[in-house]
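Read the structure below first, then the notes.
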Protein chains: 2
Amino acid sequence: MTTPSTVQRIEMVLTEEISVGELTPGVRLDEARLAERFGVSRTPIREALNRLTAQGILVAGEKRGVFVAEYSREELSQIFEAMHEIEAACARIASQRLNLLSRAEIEHAQSECLAAAQSGDRAGYLRANEAFHMAIYKATGNPYMAEIATEFRRRTGPFRAKKFATAQDLIDSAESHRDLIENIFSEDSTTASNGMRSHMTASFVQTLKVN
Amino acid sequence: MTTPSTVQRIEMVLTEEISVGELTPGVRLDEARLAERFGVSRTPIREALNRLTAQGILVAGEKRGVFVAEYSREELSQIFEAMHEIEAACARIASQRLNLLSRAEIEHAQSECLAAAQSGDRAGYLRANEAFHMAIYKATGNPYMAEIATEFRRRTGPFRAKKFATAQDLIDSAESHRDLIENIFSEDSTTASNGMRSHMTASFVQTLKVN
DNA sequence: ACTTTTTGTTTTGTATACAAAATAGTGGCC
DNA sequence: GGCCACTATTTTGTATACAAAACAAAAAGT
(Lines give C-alpha, C1' and ligand atoms only; values in the text may rest on other atoms or scores of the structure.)
Protein backbone atom coordinates (compact mmCIF):
# COMPACT_ATOMS: atom_id res chain seq x y z
CA MET A 1 0.00 0.00 0.00
CA THR A 2 1.37 3.36 -0.99
CA THR A 3 1.44 6.02 1.68
CA PRO A 4 -1.48 8.39 1.12
CA SER A 5 -0.62 11.99 0.36
CA THR A 6 -1.77 14.77 2.62
CA VAL A 7 -4.82 15.67 0.54
CA GLN A 8 -5.76 11.99 0.10
CA ARG A 9 -5.67 11.62 3.87
CA ILE A 10 -7.91 14.65 4.37
CA GLU A 11 -10.23 13.34 1.68
CA MET A 12 -10.48 9.94 3.34
CA VAL A 13 -11.10 11.35 6.80
CA LEU A 14 -13.86 13.66 5.60
CA THR A 15 -15.44 10.93 3.50
CA GLU A 16 -15.47 8.66 6.51
CA GLU A 17 -16.96 11.31 8.77
CA ILE A 18 -19.73 11.97 6.29
CA SER A 19 -20.57 8.33 5.71
CA VAL A 20 -20.57 7.66 9.43
CA GLY A 21 -22.90 10.59 9.93
CA GLU A 22 -20.57 12.71 12.02
CA LEU A 23 -20.95 15.39 9.39
CA THR A 24 -24.58 15.58 8.42
CA PRO A 25 -26.05 16.89 5.16
CA GLY A 26 -26.29 20.67 5.06
CA VAL A 27 -23.35 21.30 7.38
CA ARG A 28 -20.87 23.88 6.17
CA LEU A 29 -17.19 23.03 5.97
CA ASP A 30 -14.98 25.91 6.99
CA GLU A 31 -11.65 25.91 5.20
CA ALA A 32 -9.79 27.79 7.90
CA ARG A 33 -11.06 25.53 10.66
CA LEU A 34 -10.24 22.39 8.71
CA ALA A 35 -6.78 23.77 7.95
CA GLU A 36 -6.15 24.30 11.64
CA ARG A 37 -7.59 20.93 12.55
CA PHE A 38 -5.42 19.00 10.09
CA GLY A 39 -2.40 21.16 10.79
CA VAL A 40 -1.97 22.24 7.19
CA SER A 41 -2.62 25.39 5.18
CA ARG A 42 -5.84 26.10 3.32
CA THR A 43 -4.34 24.98 0.01
CA PRO A 44 -4.50 21.19 0.47
CA ILE A 45 -7.84 21.57 2.23
CA ARG A 46 -9.28 23.32 -0.78
CA GLU A 47 -7.93 20.60 -3.02
CA ALA A 48 -9.59 17.90 -0.95
CA LEU A 49 -12.89 19.80 -0.82
CA ASN A 50 -12.74 20.21 -4.57
CA ARG A 51 -12.33 16.51 -5.13
CA LEU A 52 -15.16 15.66 -2.79
CA THR A 53 -17.30 18.22 -4.57
CA ALA A 54 -16.51 16.57 -7.90
CA GLN A 55 -17.64 13.28 -6.36
CA GLY A 56 -20.95 14.84 -5.40
CA ILE A 57 -20.43 14.25 -1.69
CA LEU A 58 -20.13 17.99 -1.14
CA VAL A 59 -21.75 20.86 -2.97
CA ALA A 60 -20.19 24.27 -3.48
CA GLY A 61 -21.96 27.56 -4.09
CA GLU A 62 -20.47 30.52 -5.85
CA LYS A 63 -18.31 32.26 -3.27
CA ARG A 64 -20.56 30.81 -0.69
CA GLY A 65 -18.67 27.96 0.86
CA VAL A 66 -18.83 24.20 0.70
CA PHE A 67 -21.52 22.08 2.29
CA VAL A 68 -22.23 18.42 2.84
CA ALA A 69 -24.68 17.59 0.05
CA GLU A 70 -28.29 17.41 1.08
CA TYR A 71 -31.00 16.22 -1.23
CA SER A 72 -34.73 16.80 -1.39
CA ARG A 73 -37.01 13.78 -1.64
CA GLU A 74 -37.30 14.41 -5.35
CA GLU A 75 -33.53 14.51 -5.78
CA LEU A 76 -33.10 11.50 -3.55
CA SER A 77 -35.54 9.62 -5.72
CA GLN A 78 -33.54 10.51 -8.83
CA ILE A 79 -30.24 9.53 -7.27
CA PHE A 80 -31.67 6.23 -6.18
CA GLU A 81 -33.09 5.62 -9.60
CA ALA A 82 -29.62 6.09 -11.08
CA MET A 83 -28.04 3.94 -8.39
CA HIS A 84 -30.70 1.32 -9.02
CA GLU A 85 -29.72 1.11 -12.68
CA ILE A 86 -26.02 0.97 -11.95
CA GLU A 87 -26.35 -1.68 -9.28
CA ALA A 88 -28.49 -3.73 -11.63
CA ALA A 89 -25.86 -3.41 -14.34
CA CYS A 90 -23.17 -4.51 -11.89
CA ALA A 91 -25.20 -7.55 -10.90
CA ARG A 92 -25.74 -8.33 -14.56
CA ILE A 93 -22.06 -8.17 -15.44
CA ALA A 94 -20.96 -9.91 -12.26
CA SER A 95 -23.29 -12.81 -12.98
CA GLN A 96 -21.52 -13.34 -16.28
CA ARG A 97 -17.98 -13.18 -14.87
CA LEU A 98 -18.28 -15.18 -11.68
CA ASN A 99 -15.42 -17.39 -10.70
CA LEU A 100 -14.37 -19.29 -7.61
CA LEU A 101 -12.67 -16.28 -6.07
CA SER A 102 -15.45 -13.76 -6.59
CA ARG A 103 -18.06 -16.23 -5.36
CA ALA A 104 -16.00 -16.80 -2.24
CA GLU A 105 -15.53 -13.09 -1.66
CA ILE A 106 -19.25 -12.41 -1.94
CA GLU A 107 -20.05 -15.29 0.38
CA HIS A 108 -17.44 -14.13 2.83
CA ALA A 109 -18.79 -10.59 2.87
CA GLN A 110 -22.26 -11.99 3.44
CA SER A 111 -21.10 -14.03 6.42
CA GLU A 112 -19.63 -10.87 7.93
CA CYS A 113 -22.98 -9.14 7.41
CA LEU A 114 -24.79 -11.95 9.20
CA ALA A 115 -22.32 -11.94 12.06
CA ALA A 116 -22.64 -8.19 12.56
CA ALA A 117 -26.42 -8.34 12.27
CA GLN A 118 -26.75 -11.14 14.80
CA SER A 119 -24.58 -9.37 17.34
CA GLY A 120 -26.50 -6.14 16.76
CA ASP A 121 -23.34 -4.28 15.77
CA ARG A 122 -24.79 -1.39 13.78
CA ALA A 123 -21.51 0.27 12.74
CA GLY A 124 -20.07 -3.14 11.94
CA TYR A 125 -23.07 -3.99 9.80
CA LEU A 126 -22.83 -0.75 7.88
CA ARG A 127 -19.21 -1.56 7.03
CA ALA A 128 -19.97 -5.18 6.20
CA ASN A 129 -22.90 -4.22 3.99
CA GLU A 130 -20.72 -1.82 2.02
CA ALA A 131 -18.10 -4.55 1.70
CA PHE A 132 -20.77 -6.94 0.43
CA HIS A 133 -21.78 -4.62 -2.39
CA MET A 134 -18.15 -3.82 -3.11
CA ALA A 135 -17.53 -7.54 -3.54
CA ILE A 136 -20.20 -7.57 -6.24
CA TYR A 137 -18.65 -4.55 -7.93
CA LYS A 138 -15.30 -6.25 -7.86
CA ALA A 139 -16.82 -9.38 -9.35
CA THR A 140 -17.70 -7.38 -12.46
CA GLY A 141 -13.99 -7.26 -13.22
CA ASN A 142 -14.67 -3.73 -14.40
CA PRO A 143 -13.02 -1.00 -12.30
CA TYR A 144 -14.98 1.74 -14.08
CA MET A 145 -18.33 0.22 -13.21
CA ALA A 146 -17.03 -0.32 -9.69
CA GLU A 147 -15.97 3.29 -9.47
CA ILE A 148 -19.31 4.85 -10.33
CA ALA A 149 -21.19 2.35 -8.22
CA THR A 150 -18.94 3.19 -5.29
CA GLU A 151 -19.46 6.88 -5.88
CA PHE A 152 -23.23 6.54 -5.68
CA ARG A 153 -22.87 4.43 -2.60
CA ARG A 154 -20.89 7.19 -0.92
CA ARG A 155 -23.33 9.87 -2.00
CA THR A 156 -26.31 8.01 -0.62
CA GLY A 157 -24.52 6.67 2.45
CA PRO A 158 -25.76 9.21 4.98
CA PHE A 159 -29.35 8.70 3.86
CA ARG A 160 -29.26 4.92 3.71
CA ALA A 161 -27.57 4.64 7.08
CA LYS A 162 -30.56 6.20 8.81
CA LYS A 163 -32.80 3.31 7.95
CA PHE A 164 -30.98 0.89 10.27
CA ALA A 165 -32.66 1.83 13.50
CA THR A 166 -33.36 -1.46 15.27
CA ALA A 167 -31.41 -4.71 15.53
CA GLN A 168 -34.15 -6.37 13.51
CA ASP A 169 -33.48 -3.99 10.62
CA LEU A 170 -29.95 -5.34 10.38
CA ILE A 171 -31.15 -8.92 10.36
CA ASP A 172 -33.80 -8.20 7.73
CA SER A 173 -31.24 -6.56 5.50
CA ALA A 174 -28.72 -9.35 5.88
CA GLU A 175 -31.36 -11.96 5.11
CA SER A 176 -32.49 -10.13 1.99
CA HIS A 177 -28.95 -10.59 0.70
CA ARG A 178 -29.59 -14.31 0.55
CA ASP A 179 -32.00 -14.09 -2.40
CA LEU A 180 -29.79 -11.58 -4.12
CA ILE A 181 -26.79 -13.88 -3.95
CA GLU A 182 -28.83 -16.74 -5.35
CA ASN A 183 -30.01 -14.59 -8.23
CA ILE A 184 -26.50 -13.46 -9.07
CA PHE A 185 -25.02 -16.93 -8.67
CA SER A 186 -27.62 -18.26 -11.12
CA GLU A 187 -25.37 -16.76 -13.80
CA ASP A 188 -28.45 -15.63 -15.69
CA SER A 189 -28.04 -11.94 -16.36
CA THR A 190 -31.75 -11.10 -16.32
CA THR A 191 -32.31 -12.95 -13.07
CA ALA A 192 -29.29 -11.25 -11.55
CA SER A 193 -30.25 -7.73 -12.53
CA ASN A 194 -33.88 -8.22 -11.55
CA GLY A 195 -32.73 -9.56 -8.22
CA MET A 196 -30.68 -6.47 -7.65
CA ARG A 197 -33.51 -4.24 -8.79
CA SER A 198 -35.87 -5.66 -6.23
CA HIS A 199 -33.19 -5.47 -3.54
CA MET A 200 -32.55 -1.81 -4.33
CA THR A 201 -36.22 -0.98 -4.50
CA ALA A 202 -36.78 -2.50 -1.09
CA SER A 203 -33.81 -0.57 0.22
CA PHE A 204 -35.15 2.69 -1.17
CA VAL A 205 -38.58 2.13 0.31
CA GLN A 206 -36.97 1.84 3.72
CA THR A 207 -34.76 4.84 3.08
CA LEU A 208 -37.64 7.09 2.08
CA LYS A 209 -39.38 6.34 5.36
CA VAL A 210 -36.65 8.01 7.33
CA ASN A 211 -35.84 10.88 5.01
CA MET B 1 -26.77 31.94 -18.18
CA THR B 2 -24.48 32.73 -15.27
CA THR B 3 -21.04 34.01 -16.16
CA PRO B 4 -18.57 31.19 -15.77
CA SER B 5 -15.88 31.61 -13.16
CA THR B 6 -12.22 31.61 -14.11
CA VAL B 7 -11.65 27.98 -13.30
CA GLN B 8 -14.86 26.93 -15.02
CA ARG B 9 -13.69 28.70 -18.14
CA ILE B 10 -10.32 26.96 -18.06
CA GLU B 11 -12.09 23.65 -17.45
CA MET B 12 -14.37 24.19 -20.42
CA VAL B 13 -11.59 25.20 -22.78
CA LEU B 14 -9.43 22.21 -21.87
CA THR B 15 -12.38 19.84 -22.08
CA GLU B 16 -13.17 21.16 -25.53
CA GLU B 17 -9.58 20.87 -26.70
CA ILE B 18 -9.42 17.30 -25.53
CA SER B 19 -12.71 16.26 -27.08
CA VAL B 20 -11.78 17.95 -30.35
CA GLY B 21 -8.48 16.11 -30.34
CA GLU B 22 -6.25 19.16 -30.10
CA LEU B 23 -4.85 17.65 -26.94
CA THR B 24 -4.30 13.96 -27.53
CA PRO B 25 -4.16 11.16 -24.94
CA GLY B 26 -0.79 10.92 -23.25
CA VAL B 27 0.10 14.59 -23.58
CA ARG B 28 1.36 16.24 -20.43
CA LEU B 29 -0.25 19.44 -19.19
CA ASP B 30 2.28 21.89 -17.78
CA GLU B 31 0.84 24.04 -15.02
CA ALA B 32 3.21 26.94 -15.57
CA ARG B 33 2.60 27.03 -19.28
CA LEU B 34 -1.17 26.88 -18.88
CA ALA B 35 -1.00 29.62 -16.26
CA GLU B 36 0.85 31.85 -18.67
CA ARG B 37 -1.48 30.98 -21.52
CA PHE B 38 -4.65 31.77 -19.60
CA GLY B 39 -3.10 34.80 -17.94
CA VAL B 40 -3.68 33.54 -14.42
CA SER B 41 -1.58 32.07 -11.65
CA ARG B 42 -1.01 28.37 -11.13
CA THR B 43 -3.67 28.19 -8.41
CA PRO B 44 -6.83 28.24 -10.58
CA ILE B 45 -5.05 26.05 -13.14
CA ARG B 46 -4.42 23.43 -10.53
CA GLU B 47 -8.04 23.61 -9.46
CA ALA B 48 -9.24 23.07 -13.02
CA LEU B 49 -6.81 20.19 -13.57
CA ASN B 50 -7.99 18.62 -10.36
CA ARG B 51 -11.60 18.72 -11.44
CA LEU B 52 -10.79 17.25 -14.82
CA THR B 53 -8.80 14.54 -13.09
CA ALA B 54 -11.80 13.75 -10.89
CA GLN B 55 -13.86 13.41 -14.07
CA GLY B 56 -11.37 10.91 -15.46
CA ILE B 57 -10.49 13.05 -18.46
CA LEU B 58 -7.00 13.58 -17.06
CA VAL B 59 -4.85 11.33 -14.94
CA ALA B 60 -2.38 12.49 -12.33
CA GLY B 61 0.67 10.68 -11.04
CA GLU B 62 2.31 11.21 -7.68
CA LYS B 63 4.42 14.33 -8.04
CA ARG B 64 4.66 13.48 -11.68
CA GLY B 65 2.35 15.86 -13.44
CA VAL B 66 -1.02 15.61 -15.13
CA PHE B 67 -1.69 13.92 -18.47
CA VAL B 68 -4.56 13.52 -20.86
CA ALA B 69 -5.91 10.09 -20.00
CA GLU B 70 -4.89 7.33 -22.37
CA TYR B 71 -6.32 3.87 -22.18
CA SER B 72 -5.10 0.49 -23.32
CA ARG B 73 -7.41 -1.63 -25.45
CA GLU B 74 -8.29 -3.59 -22.35
CA GLU B 75 -9.18 -0.44 -20.42
CA LEU B 76 -11.04 0.97 -23.39
CA SER B 77 -13.08 -2.20 -23.52
CA GLN B 78 -13.97 -1.85 -19.85
CA ILE B 79 -14.90 1.80 -20.19
CA PHE B 80 -17.09 1.05 -23.15
CA GLU B 81 -18.73 -1.79 -21.29
CA ALA B 82 -19.65 0.61 -18.51
CA MET B 83 -20.79 3.25 -20.96
CA HIS B 84 -22.81 0.60 -22.76
CA GLU B 85 -24.70 -0.19 -19.57
CA ILE B 86 -25.30 3.42 -18.69
CA GLU B 87 -26.50 4.36 -22.15
CA ALA B 88 -28.83 1.38 -22.11
CA ALA B 89 -30.20 2.47 -18.76
CA CYS B 90 -30.74 5.99 -20.10
CA ALA B 91 -32.63 4.64 -23.11
CA ARG B 92 -34.69 2.49 -20.80
CA ILE B 93 -35.68 5.35 -18.52
CA ALA B 94 -36.17 7.79 -21.37
CA SER B 95 -38.55 5.40 -23.12
CA GLN B 96 -40.73 5.44 -20.01
CA ARG B 97 -40.76 9.22 -19.62
CA LEU B 98 -41.17 10.43 -23.17
CA ASN B 99 -43.34 13.44 -23.78
CA LEU B 100 -43.97 15.78 -26.67
CA LEU B 101 -41.02 18.00 -25.80
CA SER B 102 -38.41 15.29 -25.37
CA ARG B 103 -39.54 13.53 -28.54
CA ALA B 104 -39.21 16.79 -30.42
CA GLU B 105 -35.78 17.48 -28.98
CA ILE B 106 -34.52 14.06 -29.97
CA GLU B 107 -35.95 14.39 -33.47
CA HIS B 108 -34.47 17.86 -33.80
CA ALA B 109 -31.02 16.65 -32.75
CA GLN B 110 -31.30 13.85 -35.26
CA SER B 111 -32.14 16.26 -38.07
CA GLU B 112 -29.02 18.24 -37.19
CA CYS B 113 -27.02 15.03 -37.37
CA LEU B 114 -28.39 14.25 -40.80
CA ALA B 115 -27.71 17.78 -42.04
CA ALA B 116 -24.12 17.72 -40.85
CA ALA B 117 -23.58 14.23 -42.24
CA GLN B 118 -24.97 15.13 -45.65
CA SER B 119 -22.82 18.20 -45.96
CA GLY B 120 -19.78 16.23 -44.82
CA ASP B 121 -19.18 18.55 -41.87
CA ARG B 122 -17.15 16.37 -39.57
CA ALA B 123 -16.78 18.78 -36.65
CA GLY B 124 -20.43 19.70 -36.98
CA TYR B 125 -21.44 16.05 -36.91
CA LEU B 126 -19.39 15.36 -33.82
CA ARG B 127 -21.21 18.18 -32.04
CA ALA B 128 -24.61 17.14 -33.36
CA ASN B 129 -24.05 13.53 -32.38
CA GLU B 130 -23.18 14.54 -28.84
CA ALA B 131 -26.30 16.72 -28.77
CA PHE B 132 -28.37 13.77 -29.96
CA HIS B 133 -27.23 11.58 -27.10
CA MET B 134 -27.57 14.46 -24.66
CA ALA B 135 -31.20 14.84 -25.76
CA ILE B 136 -31.78 11.23 -24.76
CA TYR B 137 -30.09 11.82 -21.40
CA LYS B 138 -32.29 14.83 -20.87
CA ALA B 139 -35.35 12.80 -21.75
CA THR B 140 -34.66 10.58 -18.74
CA GLY B 141 -35.65 13.52 -16.56
CA ASN B 142 -32.86 12.39 -14.28
CA PRO B 143 -29.92 14.80 -14.01
CA TYR B 144 -27.80 12.25 -12.15
CA MET B 145 -28.10 9.68 -14.91
CA ALA B 146 -27.41 12.44 -17.41
CA GLU B 147 -24.32 13.48 -15.48
CA ILE B 148 -22.60 10.12 -15.46
CA ALA B 149 -23.57 9.42 -19.05
CA THR B 150 -22.09 12.76 -20.06
CA GLU B 151 -18.95 12.02 -18.11
CA PHE B 152 -18.38 8.77 -19.95
CA ARG B 153 -19.09 10.49 -23.23
CA ARG B 154 -16.35 13.01 -22.47
CA ARG B 155 -13.92 10.34 -21.37
CA THR B 156 -14.36 8.34 -24.54
CA GLY B 157 -14.68 11.35 -26.84
CA PRO B 158 -11.13 11.39 -28.20
CA PHE B 159 -11.30 7.68 -28.99
CA ARG B 160 -14.73 7.69 -30.58
CA ALA B 161 -13.95 10.77 -32.67
CA LYS B 162 -11.22 8.90 -34.54
CA LYS B 163 -13.67 6.52 -36.12
CA PHE B 164 -15.25 9.23 -38.29
CA ALA B 165 -12.73 9.23 -41.10
CA THR B 166 -14.78 9.44 -44.28
CA ALA B 167 -17.99 11.30 -45.17
CA GLN B 168 -19.71 7.93 -45.46
CA ASP B 169 -18.91 7.19 -41.83
CA LEU B 170 -20.96 10.22 -40.81
CA ILE B 171 -23.90 9.15 -42.93
CA ASP B 172 -23.77 5.59 -41.62
CA SER B 173 -23.75 6.83 -38.06
CA ALA B 174 -26.62 9.24 -38.61
CA GLU B 175 -28.69 6.55 -40.27
CA SER B 176 -28.10 4.11 -37.46
CA HIS B 177 -29.78 6.66 -35.19
CA ARG B 178 -33.03 6.01 -37.04
CA ASP B 179 -33.54 2.53 -35.60
CA LEU B 180 -32.45 3.69 -32.18
CA ILE B 181 -35.08 6.43 -32.15
CA GLU B 182 -37.75 3.99 -33.18
CA ASN B 183 -36.77 1.63 -30.42
CA ILE B 184 -36.85 4.34 -27.80
CA PHE B 185 -40.09 5.84 -29.09
CA SER B 186 -41.73 2.42 -28.86
CA GLU B 187 -41.95 3.18 -25.13
CA ASP B 188 -41.09 -0.42 -24.37
CA SER B 189 -38.17 -0.38 -21.96
CA THR B 190 -36.64 -3.66 -23.14
CA THR B 191 -36.84 -2.67 -26.79
CA ALA B 192 -35.33 0.72 -25.97
CA SER B 193 -32.40 -0.60 -23.96
CA ASN B 194 -31.69 -3.37 -26.45
CA GLY B 195 -31.74 -0.81 -29.22
CA MET B 196 -29.19 1.27 -27.41
CA ARG B 197 -27.09 -1.77 -26.65
CA SER B 198 -26.80 -2.70 -30.28
CA HIS B 199 -26.09 0.91 -31.23
CA MET B 200 -23.31 1.11 -28.65
CA THR B 201 -21.87 -2.24 -29.64
CA ALA B 202 -21.71 -1.15 -33.27
CA SER B 203 -20.07 2.07 -32.20
CA PHE B 204 -17.47 0.23 -30.15
CA VAL B 205 -16.64 -2.15 -32.98
CA GLN B 206 -15.83 0.85 -35.17
CA THR B 207 -13.91 2.54 -32.37
CA LEU B 208 -11.73 -0.49 -31.71
CA LYS B 209 -10.67 -0.55 -35.36
CA VAL B 210 -8.94 2.79 -35.03
CA ASN B 211 -7.51 2.46 -31.55
C1' DA C 1 32.00 2.57 -23.98
C1' DC C 2 28.82 1.88 -20.31
C1' DT C 3 27.19 2.31 -15.81
C1' DT C 4 26.85 4.93 -11.65
C1' DT C 5 27.12 9.00 -8.85
C1' DT C 6 26.72 13.70 -8.25
C1' DT C 7 25.12 18.23 -9.38
C1' DG C 8 21.89 21.43 -11.43
C1' DT C 9 17.33 22.38 -13.18
C1' DT C 10 12.60 21.90 -13.55
C1' DT C 11 8.21 20.99 -11.50
C1' DT C 12 5.13 19.73 -8.01
C1' DG C 13 3.07 20.51 -3.43
C1' DT C 14 2.34 23.59 0.39
C1' DA C 15 2.41 27.97 2.86
C1' DT C 16 1.53 32.69 3.05
C1' DA C 17 -0.23 37.23 1.44
C1' DC C 18 -3.63 39.97 -0.57
C1' DA C 19 -7.99 41.53 -3.10
C1' DA C 20 -12.85 41.00 -3.81
C1' DA C 21 -17.03 39.34 -2.38
C1' DA C 22 -20.35 37.91 1.02
C1' DT C 23 -22.07 37.85 5.70
C1' DA C 24 -22.89 39.88 10.06
C1' DG C 25 -23.29 43.66 13.00
C1' DT C 26 -24.21 48.48 14.14
C1' DG C 27 -26.52 52.66 13.92
C1' DG C 28 -29.85 55.73 11.96
C1' DC C 29 -34.50 56.47 10.38
C1' DC C 30 -39.46 55.96 10.00
C1' DG D 1 -40.22 48.58 17.82
C1' DG D 2 -39.14 47.25 13.15
C1' DC D 3 -36.80 48.18 8.70
C1' DC D 4 -33.15 49.85 5.86
C1' DA D 5 -28.50 51.62 4.91
C1' DC D 6 -23.85 51.57 5.97
C1' DT D 7 -19.66 49.77 8.09
C1' DA D 8 -16.82 46.02 9.98
C1' DT D 9 -15.56 41.29 9.79
C1' DT D 10 -15.26 37.01 7.92
C1' DT D 11 -14.47 34.07 4.02
C1' DT D 12 -13.59 32.95 -0.59
C1' DG D 13 -10.65 33.20 -4.70
C1' DT D 14 -6.19 34.29 -6.65
C1' DA D 15 -1.31 35.49 -6.63
C1' DT D 16 3.20 34.82 -5.04
C1' DA D 17 6.98 32.57 -2.40
C1' DC D 18 9.35 28.68 -0.90
C1' DA D 19 10.66 23.67 0.15
C1' DA D 20 10.97 19.08 -1.46
C1' DA D 21 10.78 15.80 -4.85
C1' DA D 22 11.49 14.27 -9.60
C1' DC D 23 14.00 14.69 -13.74
C1' DA D 24 17.98 15.71 -16.73
C1' DA D 25 22.70 16.25 -17.50
C1' DA D 26 27.42 16.04 -16.68
C1' DA D 27 31.38 13.93 -14.43
C1' DA D 28 33.74 10.13 -12.35
C1' DG D 29 34.69 5.32 -11.98
C1' DT D 30 34.96 0.53 -13.77
Side-chain angles (χ1 to χ4, degrees), chain A residues 1-18 22-72 155, chain B residues 1-18 22-72 155:
Chain A
M1 204 67 143
T2 59
T3 287
S5 74
T6 307
V7 357
Q8 281 175 327
R9 212 198 51 201
I10 297 167
E11 207 181 329
M12 283 173 54
V13 171
L14 291 179
T15 302
E16 177 66 17
E17 290 189 357
I18 290 169
E22 205 162 328
L23 288 168
T24 55
V27 169
R28 178 159 163 281
L29 295 179
D30 189 82
E31 294 177 3
R33 245 173 266 280
L34 288 172
E36 195 178 8
R37 184 184 142 196
F38 284 99
V40 295
S41 81
R42 272 176 56 219
T43 311
I45 296 290
R46 277 178 69 87
E47 204 164 313
L49 294 183
N50 254 313
R51 291 195 194 177
L52 294 174
T53 300
Q55 284 175 38
I57 300 175
L58 304 180
V59 287
E62 198 81 356
K63 290 225 175 206
R64 211 169 276 205
V66 179
F67 305 83
V68 179
E70 64 182 339
Y71 300 108
S72 66
R155 277 171 97 157
Chain B
M1 204 68 136
T2 58
T3 289
S5 73
T6 307
V7 355
Q8 281 176 326
R9 213 198 52 205
I10 297 167
E11 205 181 329
M12 283 174 55
V13 172
L14 291 178
T15 302
E16 177 66 15
E17 291 189 355
I18 291 169
E22 206 162 326
L23 288 167
T24 55
V27 169
R28 179 160 162 279
L29 295 179
D30 190 81
E31 293 178 5
R33 246 174 264 282
L34 288 173
E36 195 178 9
R37 185 185 141 196
F38 284 99
V40 295
S41 80
R42 272 177 56 220
T43 312
I45 297 291
R46 277 178 69 88
E47 204 165 313
L49 294 183
N50 253 311
R51 291 195 195 177
L52 294 173
T53 301
Q55 284 176 40
I57 299 174
L58 305 178
V59 288
E62 198 82 356
K63 288 224 176 206
R64 212 170 279 215
V66 178
F67 305 83
V68 180
E70 65 183 339
Y71 301 108
S72 67
R155 277 172 98 154

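Given the structure is predicted, the values throughout are model-derived calculations rather than measurements. Throughout, a chain's letter reflects where its sequence line sits, starting with A, and its residues are numbered from 1.
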Below 3.5 Å is the cut-off: list the nitrogen or oxygen pairs between protein and nucleotides 18-24 of chain C, distance only.
none

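To the nearest 0.5 Å, atom CG of residue B/Leu52 and atom CZ of residue B/Arg155 are 12.0 Å apart. Going from atom CG of B/Leu23 over to atom CD of B/Glu16 covers 11.0 Å, rounded to the nearest 0.5 Å. Atom CG of B/Leu34 and atom CD1 of B/Ile10 lie 8.0 Å apart (nearest 0.5 Å). Atom-to-atom distance recorded for A/Thr53:OG1 and B/Asn50:CG is 11.0 Å, nearest 0.5 angstrom. We find the CD1-CG distance between B/Ile57 and B/Leu14 to be 9.5 Å, quoted to the nearest 0.5 Å. For the atom pair B/Met12 CE and B/Gln8 CD, the distance stands at 8.5 Å (nearest 0.5 Å).
For A/Glu17, the salt bridge (charged side-chain N to carboxylate O under 4.0 Å, His left out) criterion is met by A/Arg37, not counting sequence neighbours. Applying the salt bridge (charged side-chain N to carboxylate O under 4.0 Å, His left out) criterion to A/Glu31, with sequence neighbours excluded, gives A/Arg42, A/Arg46.
Within residues 44-57 of chain A, the residues approached by DNA chain D to less than 4.0 Å at the level of any non-hydrogen atom are A/Arg46, in residue-number order. If you check residues 25-40 of chain A against DNA chain D, the residues with a heavy atom closer than 4.0 Å are A/Arg28, A/Asp30, A/Glu31, listed by number.
Look at B/Ser41 and you'll find a side-chain N or O under 4.0 angstrom from OP1 or OP2 of D/dA15.
In this structure, A/Leu58 and A/Ile18 have side chains that are in contact, with non-hydrogen atoms separated by less than 4.5 Å.
Stretches of at least 3 consecutive Watson-Crick or G-U wobble pairs, with each checked distance under 3.5 Å, appear in DNA chain D as C:1-30 with D:1-30.
Here the closest non-hydrogen pair linking B/Asp30 and B/Arg28 is OD1-NH2, 3.5 Å. Shortest non-hydrogen contact noted between B/Pro44 and B/Val7 is O-CB, 4.1 Å. Minimum interatomic distance between B/Ala69 and B/Gly56 (heavy atoms only, all atoms of both residues): CB-O, 3.6 Å. When all heavy atoms of B/Leu29 and B/Leu49 are compared, the pair lying nearest together is CD1-CD2, 3.9 Å.
Among the atoms of the strands shown, only primed sugar atoms or phosphate atoms (P, OP1, OP2) are found under 4.0 Å from some heavy atom of B/Thr6.
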